[in-house]
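These values consider heavy atoms only, across backbone and side chains, with no hydrogens, waters or symmetry-generated copies. Just so we're clear, the structure is a prediction, and the values are computed from it rather than from any experiment. The first residue in the sequence is number 1, and the count goes up from there.
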Amino acid sequence: KGFQIWEQKRFLTELGCDWKSELVKVQKILLERDQKNYHAWSFRAWLTNFSHIHSEELIFAEKMIKKDAYNNSAWTHLYFAL
């Protein structure tokens with residue numbers, strides 16, 4: 001859960017790592033491990049801006065809200081994607 005690994009992921013993505021595979025990895029973390037991981041949500045928001053996929057993120061955020069309506073990170077991400 002440390003922020004250092006997420007910063008390293010940003011750095012590597014900016015150097016040319018496949019952002020789509022990073023998006024899949026962070027989605028798996030949020031769906032299967034910790035749906036309220038602040039650093040994962042923060043990285044996902046950064047990926048959203050980096051890749052310009054705001055409309056697709058609306059669908060993901062809504063899915064996460066339906067899964068847990070009390071997930072403040074999902075609500076924040078929904079408004080971010082808007």
Should H54 and N49 be marked as a side-chain contact (heavy atoms from CB on, under 4.5 Å) after you check the CA-CA gap, both sets of side-chain angles, and the distance that decides it? CA-CA 7 Å; H54 290 84; N49 273 343; 3.0 Å; yes
In Å and rounded to the nearest 0.5 Å, what is the [atom1] to [atom2] distance from [X] to [Y]?
X   : Y   : atom1 : atom2 : value
H77 : S42 : NE2   : OG    : 10.5 Å
L12 : D18 : CG    : CG    : 12.5 Å
L23 : F60 : CG    : CZ    : 8.0 Å
R10 : Q8  : CZ    : CD    : 12.5 Å
F43 : L30 : CZ    : CG    : 11.0 Å
L47 : E22 : CG    : CD    : 7.0 Å

Sequence neighbours excluded, the answer for ring pair (Phe, Tyr, Trp, His ring centres under 6.0 Å) partners of Y38 is none
Judged by atom type as modelled, is there a donor-acceptor pair below 3.5 Å linking the side chain of W75 to the main-chain atoms of A61? no
Are any of the side-chain heavy atoms of [X] and [Y] separated by less than 4.5 Å?
X   : Y   : result
W19 : K9  : no
W41 : V26 : no
L58 : L78 : yes

Sequence-distant partners of E57, salt bridge (Lys or Arg N to Asp or Glu O under 4.0 Å), two or more places apart: R44
Taking atom NZ of K36 as the centre, does the number of heavy atoms from other residues, nucleotides or ligands within less than 6.0 Å exceed 12? yes
Counting only heavy atoms not in K28, do more than 12 sit closer than 6.0 Å to its NZ atom? no
Are W6 and F80 joined in one hydrophobic group, where the rule is that I, L, V, M, F, W and Y side chains link up if heavy atoms are under 4.5 Å apart? no
